Amino acid sequence: MNEALQHFFSVMVGTVLDVLPIAGILIGFQFLVLRRPIKNPKEVLFGFLLVLLGLVLFLQGLDLALFPLGELMANQLTSPEILNIPDTGDGVKWHHYFWVYLFAACIGFSTTIAEPSLIAVAIKANQVSAGAISKWGLRIAVAIGVAVGISLGCYRIISGTPLHWYIMTGYVVVIVQTVYAPRTIIALAYDSGGVTTSTVTVPLVAALGLGLSSNIPGRNPVMDGFGLIAFASLFPIMSVMAYAQLSEWRSKRQSDDTTR
């Protein structure tokens, strides 16, 4: 109990020290550059305290739940007893790890749907576009991209293929899509790749990659355990632009049908 309290207070101190420079910059610009008083200072202070408390509780939850859970699931899903495969590298094939790919896809989809930064971007995109960009449509498109990306990243870890092959090929696809995708969606698609790698997705994905590389025969956690987050950033760009291209194609088809 004492260790848990000490860890909680250490996380709290670290979070305060991390957030204070941001608050200092905002308040400094408000008073020194803009020279305007802060409206509703009591509400702003209360909200600031809630942000600090939320960050502390979230970081505490990461250490106590998300990181151990991700590593535990990776350990269990790669166990030779569960997969009924040899406990050495001989005879182990990539298709033996079907449940790993399914788990990775489910984790990628669910954590992305719950990602606060993606929710905020989807709300703003819906408002700015006057409803043309659906909040749920954008979130689901990004979540599908993350699910596919993390599953493919798990295949890369299990098969031991080089990371740069996937990244280079993926960005070639992104460049081609950028040429043909609607202009209004390109910037949002590129931003969507960044907002997925935030508070909820990164801890579980990182724990999954490290757990996999630690348990797959012949894999090195330092060399193979990282890289899943790059997949989680790249593939949503493809899925969002593909979503926009499909929507544009459907609208053109409907308009052609009405004119006939």
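Source: prediction; values computed, not measured. Quick note: numbers below take in every heavy atom, side chains included, and nothing from hydrogens, waters or symmetry partners.
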Mark yes when over 12 heavy atoms from residues, nucleotides or ligands other than F48 sit less than 6.0 Å from its CZ; otherwise mark no.
-> yes
Could you tell me whether the side chain of W165 reaches within less than 4.5 Å of the side chain of R156, counting heavy atoms only?
-> no
Nearest heavy-atom contact between S159 and Y166 is OG-OH, 4.2 Å
Decide side chain to side chain contact (heavy atoms under 4.5 Å, CB included) for I133 and N126; before the verdict, give the C-alpha distance in whole Å, the side-chain angles of both, and the deciding distance to 0.1 Å.
-> CA-CA 5 Å; I133 298 175; N126 180 263; 5.5 Å; no
Flag yes if more than 12 heavy atoms outside R183 fall under 6.0 Å of its CZ atom; otherwise flag no.
-> yes
Answer yes or no: is there a side-chain heavy-atom contact under 4.5 Å between L55 and D18?
-> no
How long is the gap from CD1 on I157 to CG on N220, to the nearest 0.5 Å?
-> 11.5 Å
How far does CG of L52 sit from CG of L57, to the nearest 0.5 angstrom?
-> 11.0 Å
Spacing of I140 atom CD1 and I113 atom CD1 [to the nearest 0.5 Å] = 5.5 Å
Shared hydrophobic cluster for I186 and Y171 (ILVMFWY, side-chain gaps under 4.5 Å) | yes
S213 side chain vs L210 backbone, donor-acceptor pair below 3.5 Å = yes
Atom CZ of F29: over 12 foreign heavy atoms under 6.0 Å = no
Considering residues at least two apart in sequence or located in another chain, which fulfil the side-chain hydrogen bond (donor to acceptor under 3.5 Å, both in side chains) criterion with Y190?
-> T178
Spatial distance of atom CE (M238) from atom OG (S192) [nearest 0.5 Å] | 14.0 Å
Closest contact, heavy atoms only, S239 versus A141 = OG-O, 2.7 Å
Do T196 and I229 come close enough that some side-chain heavy atom pair is under 4.5 Å?
-> no
Establish whether V51 and L20 are linked, either directly or via other cluster members, by ILVMFWY side-chain heavy-atom contacts under 4.5 Å.
-> yes
Do the side chains of L188 and I185 get nearer than 4.5 Å, heavy atoms only?
-> yes
Joint cluster assignment, I216 & F98, ILVMFWY side-chain distance < 4.5 Å = yes
Heavy atoms of S129 and A125 approach each other most closely as OG-O, 2.7 Å
Do I144 and I119 sit in the same hydrophobic cluster, where Ile, Leu, Val, Met, Phe, Trp and Tyr count as joined when their side-chain heavy atoms come under 4.5 Å apart?
-> no
Let me see the working for I123 and K135 under side chain to side chain contact (heavy atoms under 4.5 Å, CB included), right down to the final yes or no.
-> CA-CA 6 Å; I123 291 173; K135 289 184 287 188; 3.8 Å; yes
Nearest-0.5 Å distance that lies between atom CD1 in I158 and atom OH in Y155 = 9.5 Å
side-chain hydrogen bond (donor to acceptor under 3.5 Å, both in side chains) filter on Y101, not counting sequence neighbours, yields none
Whether R139 side chain and G137 backbone form a donor-acceptor pair below 3.5 Å = no
Heavy-atom distance under 4.5 Å between the side chains of F235 and V146, does that happen here?
-> no
Check for a donor-acceptor pair, side chain of Q30 on one end and backbone N or O of R35 on the other, with a separation under 3.5 Å.
-> no
Residues clustering with M223 (ILVMFWY side chains joined when closer than 4.5 Å, directly or via others) | none
Test side-chain contact (heavy atoms from CB on, under 4.5 Å) applied to C154 and L208, I107, V205, the passing residue = L208
Look up atom NZ in K124 and atom CD in Q127, then write down how far apart they are to the nearest 0.5 Å.
-> 4.5 Å
Can you name the residues that form a side-chain hydrogen bond (donor to acceptor under 3.5 Å, both in side chains) with Q60, not counting sequence neighbours?
-> H7
Residues at least two apart in sequence or cross-chain that pass ring pair (Phe, Tyr, Trp, His ring centres under 6.0 Å) with F103, listed by chain then number, are none
Examine V176 and V174 and state if one hydrophobic cluster contains both, with Ile, Leu, Val, Met, Phe, Trp and Tyr joined whenever side-chain heavy atoms are less than 4.5 Å apart.
-> no
For I150 and A104 the tightest heavy-atom approach is CG2-CB, 3.7 Å
For the residue pair L49 and L53, establish whether any side-chain heavy-atom pair is separated by less than 4.5 Å.
-> no
Side-chain heavy-atom pair S134, Y243 within 4.5 angstrom cut-off | yes
Residues Q177 and A242: closest non-hydrogen pair is NE2-N, 3.6 Å
Kindly write out the residues that satisfy side-chain hydrogen bond (donor to acceptor under 3.5 Å, both in side chains) with T184, not counting sequence neighbours, or none if the list is empty.
-> none
Test V240 against V142 for side chain to side chain contact (heavy atoms under 4.5 Å, CB included), laying out the working first.
-> CA-CA 6 Å; V240 171; V142 174; 3.4 Å; yes
Could you check if a side-chain atom of L163 sits within less than 4.5 angstrom of a side-chain atom of F226, using non-hydrogen atoms only?
-> no
